[in-house]
Protein chains: 2
Amino acid sequence: MKMSDVAKLANVSAATVSRVLSNPEKVSLETRERVLDVINKVNYKPHIVARQFRTQETKIILVVVPDITSAFFAKVLRGIEHVALKNGYQVILGDTENDVERENSYIDLLLQKQVDGMVLLTAKIDKNKLEELSNEFPLVLACEYVDGLNVPTVSIDNISSARKATEHLIQLGHTKIAHITGPMSVILSRDRLKGYKQAMISHDLEIEPSYIQEADRTFESSYNQTLKLLSLATPPTGIFVFNDEMAMGTIKAAKDSGLTVPDDLAVVGFDNIKMATVFEPNLTTIDQPKFAIGQKAMELLLQLINGEPMKKKKFVMKDELIIRDSTKGE
Amino acid sequence: MKMSDVAKLANVSAATVSRVLSNPEKVSLETRERVLDVINKVNYKPHIVARQFRTQETKIILVVVPDITSAFFAKVLRGIEHVALKNGYQVILGDTENDVERENSYIDLLLQKQVDGMVLLTAKIDKNKLEELSNEFPLVLACEYVDGLNVPTVSIDNISSARKATEHLIQLGHTKIAHITGPMSVILSRDRLKGYKQAMISHDLEIEPSYIQEADRTFESSYNQTLKLLSLATPPTGIFVFNDEMAMGTIKAAKDSGLTVPDDLAVVGFDNIKMATVFEPNLTTIDQPKFAIGQKAMELLLQLINGEPMKKKKFVMKDELIIRDSTKGE
DNA sequence: CTGAAAGCGCTTACAG
DNA sequence: CTGAAAGCGCTTACAG
């Protein structure tokens, strides 16, 4: 059943059926009702791909995430999704599993016009390529960003929030403070490391190289790096960890080493995922407005798609240090 | 830049360019190389929507999940994704957030030919509608299923695994065993309740109605229902909980009530999500092969899409009771 | 091995 | 307010 069949049954042209569906105000009430009756009777559904082809827009956007099983990204994704759906857009999910190759391959969807725009929640891809791409297609970065790139971006200020997290430990009296970073290939890791260093220096604390350990973003990896830190001649008494999942790994390692958190070791995480309040001790962490970041990113993408002017390109969302039991005790 | 432009530059017809892209073996080596040179030089990318329109297939499949922020569904989704990508299919994500309306609206993507097939990880939708749909379109159910529906389905045997979980508590000597169910509108909840009852009856244990409490699938909801159970005149000493996230809520409630797990209260969860080994005490639970369920579901969907015969329609995957600290102690 | 031509199902500028 | 007609960019059956 196609549009011309419906048209015949309703004694109108296909053009009129099309108008009833897309611009009903252009059709007289009488005709409109007659056409709608037929549409309902035969349960006609327009062939969306034909429409996409004709209008040259798919009403689909692509979201590229580094890890869909991460609670953090799932929440950001949901924010995107909400705004997308409300505006008639479907969301294609591109899970790269932290693989640059796969990130690159998703970009083909844009080049092949299979999606109208793209939100990147990971940006390992080459900077120049990204720059070119954003000149040609609607593209928004969220959470991650690329330094000096003139692309709309939504994130928190990772440097200042990492500084805040570290200063919280300093204010509690800690001086031997370690930092477990994410992969150095990710700019967020470098930013949070920078914030950590800034806090240490501005409080005249020495930055001990062996106190800085790189991990990938998993529980297990942070667990192992923590064991390493705890076996140092002078182990740290406080650790700022790249994210909450890793912070849980750190605390587990402390417990397995016979230490009590926060008494023997204070731990600060990042993101404020749901588990942060379920895990014991509850995590002191930096709250990121995950849902709001997703919403804002999608709103910016819609602006780009609709060709609306964009005065501001960088949006810094508000984060918040949330103090819980992993640093302050019960 | 479109195909005919490439054709001109290479001194061939558009048909030949098309063949180079889709059936290179039908083009002479010489011509093929000449065309590929041009394609690379101008960085031509075919307009996929035009191809979709022409071939009447989109190479996109839809996965409908009840909750994308759930660790369980994210893992199943990843299994689907792996098989999809390997076979040249993109995945559109349909997150219903447990809303039947939204489940229904995703079905339009199928009716409008915007996707080639669909995997449902939730099935609240009307049974007859589903039956009709599956006669017309490639459709696979995974995790959830609908009783008496002749649609390819991948899941574990929820009744027997729930029985196993309950019997584990019985074997530990518990007689006052409660069950916190998921929403009764979900068949999995009814199945697991059935398994619980079977275990109780076959061991001559009374089924105490107040020991059965319904919760939605969240941590908080199970937390509250557990408080209710613990305030009974004769509180249970063991609880089988619908899923792991809820089991964590149950344990939290027990702790907050001054009880020790497993000594005062033994708890069994379901799914074996990653957090089950991070949370303390580690959860005794039923392991579901999440990734494999996703893979199998997508393989079945591919069979349907390709019109291959399917001898068997119901696939029951192997589950496993995993005993950890939440029932047996250290 | 290659090309000319038809056609997939819509939408929209144009004419009346 | 309505219709006839063109055309979006591919693929493929057919002919040579």
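Here the structure is a predicted model, which is why all the values come from computation and not from measurement. Order of the sequence lines sets the chain letters (A, B, ...), proteins ahead of strands, with each chain counted from 1.
Here D:dA5 is the nucleotide among D:dC10, C:dG3, D:dA5 with the atom lying nearest to any side-chain atom of A:A15. In the set C:dC10, C:dT12, D:dT12, the nucleotide with an atom closest to the side chain of A:P46 is C:dC10. Which of D:dC10, C:dC10, C:dG9 sits closest to the side chain of B:F53 comes down to C:dG9.
Look at A:T55 and you won't find any side-chain N or O under 4.0 angstrom from OP1 or OP2 of C:dT11. Listed pair A:Q56 / C:dT11 fails the phosphate criterion, with no side-chain N or O lying under 4.0 Å from OP1 or OP2. Taking side-chain N and O atoms only, B:S28 has no distance below 4.0 Å to OP1 or OP2 of C:dC1. One finds a side-chain N or O of A:T31 lying less than 4.0 angstrom from the OP1 or OP2 phosphate oxygen of D:dT2. For the OP1/OP2 pair of C:dC10 and a distance below 4.0 Å, the side-chain nitrogens and oxygens of A:Y44 include at least one atom meeting the criterion. For the pair B:S4 and D:dC10, the criterion of a side-chain N or O lying under 4.0 Å from OP1 or OP2 is not met. Taking side-chain N and O atoms only, A:K2 has a distance below 4.0 Å to OP1 or OP2 of C:dG9. At the phosphate of C:dG3, OP1 or OP2 sits under 4.0 Å from a side-chain N or O atom of B:T16. One finds no side-chain N or O of A:R54 lying less than 4.0 angstrom from the OP1 or OP2 phosphate oxygen of C:dG9.
Tested against B:N104 for a side-chain contact (heavy atoms from CB on, under 4.5 Å), the candidates B:D99, B:T96, B:D126, B:I125 yield a single pass: B:I125. No option in B:V35, B:V20, B:L36 other than B:V20 meets the side-chain contact (heavy atoms from CB on, under 4.5 Å) test with B:V27. Across A:N306, A:L304, A:D116, a single residue satisfies side-chain contact (heavy atoms from CB on, under 4.5 Å) together with A:P138, and that is A:L304.
Both distances falling under 3.5 Å, in either a Watson-Crick or a G-U wobble arrangement, place D:dG16 opposite C:dC1.
If you find the closest nucleotide of DNA chain C to B:S13 and to A:M3, the one lying nearer the 5' end belongs to B:S13.
Between the C1' atom of D:dT12 and the CD atom of B:E25 lies a distance of 14 Å, rounded to the nearest Å. Between the P atom of C:dG9 and the CD1 atom of A:I48 lies a distance of 14 Å, rounded to the nearest Å. Regarding B:E57, its CD atom lies at a distance of 17 Å from the C1' atom of C:dG9, rounded to whole Å. With rounding to whole Å, B:K26 atom NZ is found 14 Å from C:dG3 atom C1'. Here C:dT12 presents its P atom at 9 Å from CZ of A:R51, a figure rounded to the nearest Å. Atom CD of B:E33 and atom P of C:dC1 are 14 Å apart (whole Å). Taking atom CE of A:M1 as the reference point, atom C1' of C:dG9 lies 14 Å away to the nearest angstrom. Atom CG in B:N11 sits about 16 Å away from atom C1' in C:dC1, given to the nearest Å.
Counting any heavy atom pair closer than 4.0 Å across all strands shown, A:V12 reaches sugar-phosphate atoms only and no base atom.
A donor-acceptor contact shorter than 3.5 Å links the side chain of B:R32 to the backbone of B:P24. Between the B:K290 side chain and the B:Q288 main chain, a donor and an acceptor come within less than 3.5 Å of each other.
Between A:L139 and A:P152 the shortest heavy-atom distance is O-CD, 3.7 Å.
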